Amino acid sequence: MDRRHFLKTTGLTALATNVPLREPVFAAPGRVADYTVRIATSLVEVGPQRFLSLTTYNGQFPGPLLRFKEGLQTIVDIFNDTDTPEQLHWHGQLVPDSVDGAVEEGTPYIPAHGMRREVFVPSPSGFRFYHSHVRAGNDLYRGTYGGEVAPVYIEPAHDPGDYDREVFLTLKEFEPFFSQGGDLTLDFLSPSTERTELKARGEAAMRASLARGVKTGYEVGYRIFTINGRQLGFGEPIRVKRGERVLFHILNGSATEIRSLALPGHRFKVVALDGNPVPHPAEVPVLWLGTAERISAIVEMNHPGVWVLGDLADDDRRRGMGIVVEYAGSRSPPLWHAPSPFQWDYRLFADPARRVEQPDETIEILIDKDNAADRGFNRWLLNGTAFDFVTMPVSWHLRLGHRYRLRFMNASDDIHPIHLHRARFELTRIDVSPIAGVMKDVVMLGGYQMLEFDFIADQPGRVLFHCHSQLHMDFGFMALFKAA
Ligand SMILES: [Cu+2]
């Protein structure tokens, strides 16, 4: 029995024992769905006797790992047992806008108490994920604030397989709340140079707003932190043997947060970013992941003991953002040591020899924060305009096959994990520093920084661009491209 068949017959049904599988309502003759996903409210035990009520996929968090085969047509039936229409987005895949899972691109909703059958060819190979793509706004039970996040692995035709086993980790916070808290300065990115003209612009706007007596806009905080839906110390550890090479596929499934991870005494050899193999696999002591970013990294287990694989933020780790790694034969309380200072730099994984082609066109996007402008929420402007969720206008018309360069200038102090649907883009510049060969679908744009990436408009139809912070995308940080 192959892995795919095994998952189909035992994974989805056995893992979701409280979810009876139904025959697809609209099954094409002779075709049964390869996978069935049910969106429903269920209880998830994140800590001892701590049950959260969440909207989930198949009654579990994270939702079931779906293993697709690259290039093999796949049928997924999605049932929505909730009272509100849903969108399920195939993050990082090159699929048509009719199934991508964003109403802004024209994907139909999965109706409340209804279902939708999606037929598509999974691509490209690598670590992807799926998640809710509805607007949450001020509703902390909607969108990615809840439990609708799950990994996807698209098996390639050839798998180098230089590892002993795979472990999938989904990082996720729960029990969100709004605050008008101050800024959280994160200075872990390299290069970290701020551009003076962007800083002057952002600070002047903020000063003017505060001078009018306006408070700072709402931010989201969380009370519970989990890896694979469990707080640190709850549930089974990752059991390893000395000399084993473990390939971790790590997903930041947060609605809004940027996460870090370290494993005392060990290093991560990063082999893929957002599921795409990097030209230069490099070893690092710490991983940083913006919202929706993924890292695939091999850890050689050569430091026996019982360790905490956890977030660098002490508060977040104590509230659960970690998981125990236990060597065979070791028995002691799990240990944590803070790593020495390290800056995350996408250039570590780049191809220094590659010269990037000139684009057919460069599109500049200036990002402004209008403090607390939308009923206390920060409104986000791209070239002076917040996305209109009623008219959903197309901002840029693209020509199929052309290479486009997007140049982002961030006139806010926030880091934005910016995301392009239905595409892989190549990082070409961070601040003034060129970079090539790193293919991603989300990238962190630092506060007051500039960044460029290139992509080829090879997918006809609508292509959505947005910040992956639910709090930013819901308040204007979104735009549409259309390729024809
Ligand atoms: Cu953002």
Side-chain angles (χ1 to χ4, degrees), residues 163 167 169 171 173 183-194 225 227 231-233 237-238 240 242-252 254 257-273 278 280-291 293-327 330 332-350 352 413 415 417 427 430-431 433 435 438 440 443-449:
Y163 53 86
V167 173
L169 301 177
L171 318 184
E173 309 81 5
D183 306 310
L184 183 65
T185 312
L186 292 166
D187 54 359
F188 61 91
L189 277 179
S190 175
S192 56
T193 35
E194 296 174 330
F225 297 74
I227 292 184
Q231 293 178 287
L232 173 60
I238 301 170
V240 301
R242 185 173 196 158
E244 209 174 19
R245 288 163 63 81
V246 178
L247 173 57
F248 287 95
H249 293 295
I250 302 157
L251 159 65
N252 180 351
S254 179
E257 297 259 290
I258 287 161
R259 299 255 63 99
S260 57
L261 272 186
L263 179 61
H266 298 77
R267 291 170 75 79
F268 303 92
K269 186 179 188 183
V270 174
V271 294
L273 293 175
V278 293
H280 180 249
E283 279 197 6
V284 292
V286 177
L287 304 176
W288 283 92
L289 302 100
T291 314
E293 281 191 303
R294 286 92 65 211
I295 294 176
S296 301
I298 294 174
V299 177
E300 207 172 311
M301 296 297 169
N302 51 14
H303 195 57
V306 183
W307 308 103
V308 172
L309 170 60
D311 199 290
L312 270 56
D314 293 335
D315 274 354
D316 299 356
R317 200 178 59 256
R318 286 183 194 123
R319 290 164 195 252
M321 190 53 78
I323 188 167
V324 175
V325 173
E326 185 184 291
Y327 278 73
S330 298
S332 57
L335 284 177
W336 166 260
H337 301 298
S340 3
F342 171 77
Q343 283 201 307
W344 182 248
D345 190 339
Y346 294 117
R347 295 173 300 180
L348 289 171
F349 316 107
D413 55 354
I415 293 181
L427 298 182
I430 301 172
D431 191 42
S433 176
I435 171 174
V438 175
K440 294 185 62 47
V443 61
M444 286 183 278
L445 167 63
Y448 302 131
Q449 288 208 299

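Only this structure's heavy atoms are used, side chains among them; waters, hydrogens and symmetry mates stay out. This is a predicted model, so every value here is computed, not measured.
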Qualifying residues under side-chain contact (heavy atoms from CB on, under 4.5 Å), relative to [X], sequence neighbours excluded:
X: P264; answer: W307, W336, H337
X: L232; answer: V308, R317, V324
X: V167; answer: R165, L169, I238, V246, F248

_My understanding is that only residues two or more places apart in sequence, or in another chain, count here; which of them pass salt bridge (Lys or Arg N to Asp or Glu O under 4.0 Å) with R245?_
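Checked R245 against salt bridge (Lys or Arg N to Asp or Glu O under 4.0 Å); matches are D162, E300.
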F188: what forms a ring pair (Phe, Tyr, Trp, His ring centres under 6.0 Å) with it, not counting sequence neighbours?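 Ring pair (Phe, Tyr, Trp, His ring centres under 6.0 Å) list for F188, sorted by chain: W288.
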What distance separates [X] [atom1] from [Y] [atom2], expressed to the nearest 0.5 Å?
X: R267; Y: E283; atom1: CZ; atom2: CD; result: 5.5 Å
X: I250; Y: R294; atom1: CD1; atom2: CZ; result: 12.5 Å
X: L171; Y: S254; atom1: CG; atom2: OG; result: 9.0 Å
X: L309; Y: F268; atom1: CG; atom2: CZ; result: 5.5 Å
X: T291; Y: M444; atom1: OG1; atom2: CE; result: 9.0 Å

Return the set of residues passing side-chain hydrogen bond (donor to acceptor under 3.5 Å, both in side chains) with [X] (not counting sequence neighbours), or none when no residue passes.
X: H266; answer: Y327
X: R319; answer: none
X: D311; answer: R259, S260
X: D431; answer: T193, R195

Practice prompt. Any pair with a residue in residues 340-349 that passes salt bridge (charged side-chain N to carboxylate O under 4.0 Å, His left out), sequence neighbours left out, goes on the list, sorted by first then second residue, please.
Written response: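 Residue pairs passing salt bridge (charged side-chain N to carboxylate O under 4.0 Å, His left out), neighbours aside: D345-R347.
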